[in-house]
Peer 1: 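Sharing a structure below in structure tokens format, with a few things to ask.
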Amino acid sequence: MRTVMVTGGCGFIGSNFIHYLLKNCDVKVVNFDALTYAGNLENLRDVEQDKRYAFIKGDIADAAQVSGALERFEVDSIVNFAAETHVDRSILTPDAFMSANVMGTQRLLECARVYWSLAPGDKNCRDYRPGVRYIQVSTDEVYGSLGMEGKFCEDSPIAPNSPYAASKAGGDLFVRAYCETFGFPAVVTRCSNNFGPYQFPEKLIPLIIYNALHHREIPVYGDGRQVRNWLYVEDHCSALCRVMREGTIGEVYNIGGDTEESNLNVVRTVLRMLDRPESLIRFVADRPGHDRRYAMDYTKLQGHTGWSPLYSFEKGLERTVQWYLANERWLETAADQEFQTYCKMMYT
Ligand code: NAD
Ligand code: DAU
């Protein structure tokens with residue numbers, strides 16, 4: 001049975017991915033997570049007793065912790081979700097993004113290169129244990145912003161606009177460099193905006209739900225006409241599984257949804273689903289360097305593996321809203337003191 005190390009597995013997409021793997025694949029899973037403010041062990045409470053699952057608290061930027069985990073669990077695949085992920089926080093504290101997303105990714109790559117190499121001391125050795133794989137979970141934000149027309153392809157220029165996007169581009173390009181220089185067996189995926197269960201309430205959709213449930217105003221940046229290419233998180237997980245199994249080493253694959261929605265439409269739709277008035281909408285100052293529009297061309301992945309999203313935006317959103325309503329305790333716990341202090345600083 002293969003052993004997959006999921007870094008950042010206590011976060012939003014990582015925890016959904018672990019659930020997806022344990023349900024759909026015959027693999028063992030090691031969840032390696034530093035438990036930052038965004039990491040939550042509650043997200044995996046229901047699989048804690050599964051004999052195929054183990055949790056290690058560790059930082060991808062700590063080579064000793066990473067190497068220890070790779071050796072102890074005899075890891076064959078790594079899916080790297082671990083990152084600082086919120087654009088607004090990257091404007092407040094860019095250095096944290098540099099550490100986790102650039103330096104952390106490079107350390108993780110180097111530990112995996114050494115552990116999987118057939119001659120670890122020889123930098124010219126391009127031979128690795130059979131079947132090993134590293135997947136870097138990158139983002140559409142590395143491409144920057146689109147105008148009204150067109151979509152990002154894998155060969156679109158890398159032009160990040162926020163410290164978050166720049167740090168993700170740095171990690172993404174380090175993976176490319178390891179493939180080119182060391183023949184390292186890695187694949188990069190770049191995905192659009194996800195939504196679904198377990199998303200931390202700093203992000204737009206859970207923030208709308210949290211604020212609406214508390215009869216608080218919903219902050220909409222600028223004119224609210226920025227467009228995002230939403231993908232239900234389970235569809236991202238199924239795409240990553242396809243890439244893990246069938247992706248070609250050294251390649252980049254875009255992953256995206258079929259829906260483009262303006263932020264204002266998303267806010268209105270969620271308020272309608274929660275039976276809350278549009279008078280809760282409050283237009284606030286725009287995010288500096290705010291990307292106007294993202295849209296992903298995922299035909300390369302579709303052509304290579306047959307993957308396409310199963311959930312429409314409406315169906316995914318219904319499921320998401322229902323999940324938050326059924327898990328209000330999770331939401332209240334996630335929206336802890338740190339989150340309230342952050343919101344006060346961000347929005348007042
Ligand atoms: P998240 O913020 O919900 O979770 C991040 C997780 O990483 C947390 O559990 C945190 O504790 C952990 N972590 C942070 N720094 C770490 C470190 N140095 N070592 C180990 N663990 C660390 O993030 P998310 O939204 O689930 O995103 C996961 C990944 O997917 C990220 O790499 C992100 O860039 C990428 N991505 C996210 C989206 C999206 O819409 N959320 C879209 C495309 C790509
Ligand atoms: O595109 C993929 C990216 O999607 C991921 O790489 C990031 O990790 C993830 O955080 C997300 O980035 P965004 O900046 O697009 O997501 P966020 O939920 O922060 O914002 C979505 C849109 O809503 C964006 O245009 C900004 C806007 N927004 C957000 C917040 C938090 C508001 O108008 N008001 C808000 O309070």
Side-chain angles (χ1 to χ4, degrees), residues 6-17 31-41 43-44 56-62 65-66 79-90 96-97 99-101 103-105 107-108 136-143 145 152 160-162 164-165 167-168 171-172 189-196 198-208 211 217-231 233 236 240 255-257 261-264 266-267 281-287 290-296 334 343 346-347:
V6 177
T7 62
C10 291
F12 162 46
I13 310 175
S15 58
N16 277 283
F17 185 65
N31 175 7
F32 184 94
D33 194 296
L35 293 180
T36 68
Y37 78 92
N40 187 346
L41 281 172
N43 300 1
L44 281 317
I56 298 288
K57 183 172 186 302
D59 183 341
I60 56 164
D62 185 321
Q65 289 177 355
V66 173
V79 186
N80 182 26
F81 293 94
E84 289 294 334
T85 63
H86 193 36
V87 174
D88 293 328
R89 292 194 194 238
S90 82
F97 288 69
S99 307
N101 303 358
M103 290 162 72
T105 299
R107 299 252 166 80
L108 183 61
Q136 175 73 6
V137 183
S138 190
T139 169
D140 59 358
E141 299 205 12
V142 300
Y143 297 122
S145 188
F152 293 124
N161 291 319
S162 70
Y164 162 70
S167 68
K168 288 297 291 184
D172 177 321
T189 62
R190 297 181 182 143
C191 189
S192 61
N193 284 66
N194 284 216
F195 64 106
Y198 300 113
Q199 188 167 29
F200 191 77
E202 67 191 352
K203 306 286 164 53
L204 181 66
I205 290 178
L207 182 74
I208 303 167
N211 282 8
E217 290 177 327
I218 319 293
V220 173
Y221 298 157
D223 62 5
R225 300 199 186 283
Q226 304 81 6
V227 170
R228 295 293 181 265
N229 180 195
W230 294 99
L231 181 71
V233 64
H236 189 185
L240 288 169
I255 304 173
E261 280 294 343
S262 74
N263 293 339
L264 204 48
V266 173
V267 175
I281 295 173
R282 181 165 64 97
F283 289 94
V284 299
D286 208 350
R287 173 187 275 175
H290 199 171
D291 288 334
R292 194 68 181 170
R293 175 173 165 259
Y294 305 137
M296 293 302 258
C343 284
M346 237 340 262
Y347 296 113

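Since the structure is predicted, the reported quantities are computational estimates derived from the model, not experimental observations. Start at 1 and go down the list; that is how both ligands and their atoms are numbered.
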Peer 1: So which protein residues pack against ligand 1 under 4.0 Å, heavy atoms counted?
Peer 2: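 Residue list for ligand 1: Gly8, Cys10, Gly11, Phe12, Ile13, Asp33, Ala34, Leu35, Thr36, Ala38, Gly39, Gly58, Asp59, Ile60, Phe81, Ala82, Ala83, Thr85, Val137, Ser138, Thr139, Tyr164, Lys168, Cys191, Ser192, Asn193, Asn194.
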
Peer 1: With Ala295, which residues qualify under side-chain contact (heavy atoms from CB on, under 4.5 Å), at least two apart?
Peer 2: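 Ala295 satisfies side-chain contact (heavy atoms from CB on, under 4.5 Å) with Leu146, Lys151, Glu260, Arg293 only.
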
Peer 1: List every atom of ligand 2 that sits less than 4.0 Å from any heavy atom of Lys203, numbering the atoms from 1 in the order shown and giving each element.
Peer 2: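 In order of numbering, the contacting atoms are 10 (O), 18 (O).
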
Peer 1: Which option wins on minimum heavy-atom distance to atom 13 (P) of ligand 2: Arg225, Arg190, Glu141?
Peer 2: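 It is Glu141 that holds the nearest heavy atom.
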
Peer 1: Under 30°, 30 to 60°, or over 60°: which ring-plane class applies to Phe81 and His236, parallel, tilted or perpendicular?
Peer 2: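 Plane angle over 60°, so perpendicular.
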
Peer 1: So, 4.0 Å and heavy atoms of Glu202: is ligand 2 close enough to count as a contact?
Peer 2: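 For ligand 2, residue contact (heavy atoms, under 4.0 Å) with Glu202 is present.
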
Peer 1: Just checking, Arg282 and Tyr347: is the charged tip under 6.0 Å from the six-membered ring centre and within 45° of the axis?
Peer 2: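 No - Arg282 does not lie over the ring of Tyr347 by the 6.0 Å and 45° rule.
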
Peer 1: Just which atoms of ligand 2 are under 4.0 Å from any heavy atom in His290?
Peer 2: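 Selected atoms, number and element: 24 (C), 25 (O), 26 (C).
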
Peer 1: As a check for students: among Phe12, Tyr164, Phe283, Phe195, identify the option with a heavy atom nearest to atom 5 (C) of ligand 2.
Peer 2: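 Considering heavy atoms of Phe12, Tyr164, Phe283, Phe195, the nearest to atom 5 (C) of ligand 2 sits in Tyr164.
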
Peer 1: Is any N or O atom of Asn193, backbone or side chain, closer than 3.5 Å to an N or O atom of ligand 2?
Peer 2: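 Between Asn193 and ligand 2, an N or O pair is found under 3.5 Å apart.
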
Peer 1: Which of the numbered atoms in ligand 2 are under 4.0 angstrom from any heavy atom belonging to Tyr347?
Peer 2: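 Every atom of ligand 2 under 4.0 Å from some heavy atom of Tyr347: 31 (C), 35 (C), 36 (O).
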
Peer 1: Decide if the gap between the ring center of Tyr37 and the ring center of Phe200 is smaller than 6.0 angstrom.
Peer 2: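 Here the rings of Phe200 and Tyr37 have centres that are less than 6.0 Å from each other.
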
Peer 1: Any side-chain heavy atom of Arg292 within less than 4.5 Å of one from Arg225?
Peer 2: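 Arg292 reaches Arg225 side chain to side chain.
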
Peer 1: Quick one: look at Asn263 and ligand 2, take heavy-atom pairs under 4.0 Å, and tell me if it's side chain, backbone, both or neither.
Peer 2: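 For Asn263, only side-chain atoms sit under 4.0 Å from ligand 2.
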
Peer 1: Which of the numbered atoms in ligand 2 are under 4.0 angstrom from any heavy atom belonging to His86?
Peer 2: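 Atoms satisfying the 4.0 Å criterion: 19 (O).
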
Peer 1: Which of the numbered atoms in ligand 2 are below 4.0 angstrom from a heavy atom of Val220?
Peer 2: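 The atoms of ligand 2 under 4.0 Å from a heavy atom of Val220 are 33 (O).
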
